[in-house]
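FYI, side chains are in, hydrogens and waters are out, and symmetry mates aren't considered; it's all heavy atoms of this structure.
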Amino acid sequence: MADEQRRRACEQLRGAFVWSPAADVLELRDAIVVQVELPGVEQDRIVVEIIDGDLVVRGERPCPRLDEPEDLETDPVYRLVERVYGRFARRFRLPAGVDVARVGARLADGLLSITIPKACARTPKRFCLRID
């Protein structure tokens, strides 16, 4: 019975963004780094975009065994389900002065790290003024 309830819940969640993964935004001297927790999400199910000055991370963690037939001899019966499945999306406003052409992303151990380098800042020109 619990497995059937889980199946129905997953089917209902398919059409909308259903979860918002935890994230950290760090500012370094030369870059902004956004880290998003995505355990169990495969790289080919993640999209990273820059839209109107925002970093958008979206994708899907599929519900396991949703389309497979039930076999109580070999398949488990779920007694407790706390993990969230389905589509997700996060949007982060980027500060002015970042170089969106050089964005890099890496997925390792369920943590997506996106590095957005800061544009080369102009250093103030300094000169000595001689006062007579």
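Contact detail for Ser20 and Ala89: the closest heavy-atom pair is OG-O, 4.2 Å. Leu112 and Ala105 make their closest contact through CD1-CB, 4.3 Å (heavy atoms, listed as atom of the first residue, atom of the second, distance).
Comment: Asp30 does not engage Lys118 in a salt bridge, judged by the lack of any side-chain N to carboxylate O separation of less than 4.0 angstrom.
Under the 4.5 Å side-chain criterion, counting only non-hydrogen atoms from C-beta, Leu26 is not in contact with Ile32. When side chains are defined from C-beta on, Val57 counts as touching Phe88, because their heavy atoms get closer than 4.5 Å. Using a 4.5 Å cut-off on side-chain heavy atoms (C-beta onward), Val25 and Phe92 make contact. Considering only heavy atoms from C-beta on, Ile46 comes within 4.5 Å of Leu107 through its side chain. Between Ile116 and Leu94, some side-chain heavy-atom pair lies under the 4.5 Å cut-off. Within the 4.5 Å cutoff, side-chain heavy atoms of Ile114 are placed close to those of Val48.
Between the CG atom of Leu55 and the CD atom of Glu49 there is a distance of 9.5 Å, given to the nearest 0.5 Å. Note that the CZ atom of Arg45 and the CZ atom of Arg58 stand 13.0 Å from one another [nearest 0.5 Å]. Atoms CD and CG, on Gln35 and Asp24 in that order, are 6.0 Å from each other to the nearest 0.5 Å. The distance from the CG atom of Leu38 to the CZ atom of Arg90 is 10.5 Å, given to the nearest 0.5 Å.
Around the CG atom of Asp44, the shell of radius 6.0 Å holds more than 12 heavy atoms that belong to other residues, nucleotides or ligands.
Val34 and Ile50 fall within a single hydrophobic cluster, where Ile, Leu, Val, Met, Phe, Trp and Tyr side chains are chained together by heavy-atom contacts under 4.5 Å. Cluster annotation: Leu111 is not connected to Val47 through the hydrophobic network of ILVMFWY side chains, with a link wherever side-chain heavy atoms come within less than 4.5 Å.
Residue pairs meeting the salt bridge (charged side-chain N to carboxylate O under 4.0 Å, His left out) criterion with at least one member in residues 101-116, sequence neighbours excluded, are Asp99-Arg102.
Both tests hold for Arg61 against Trp19: distance to the six-membered ring centre under 6.0 Å, angle to the ring axis within 45°.
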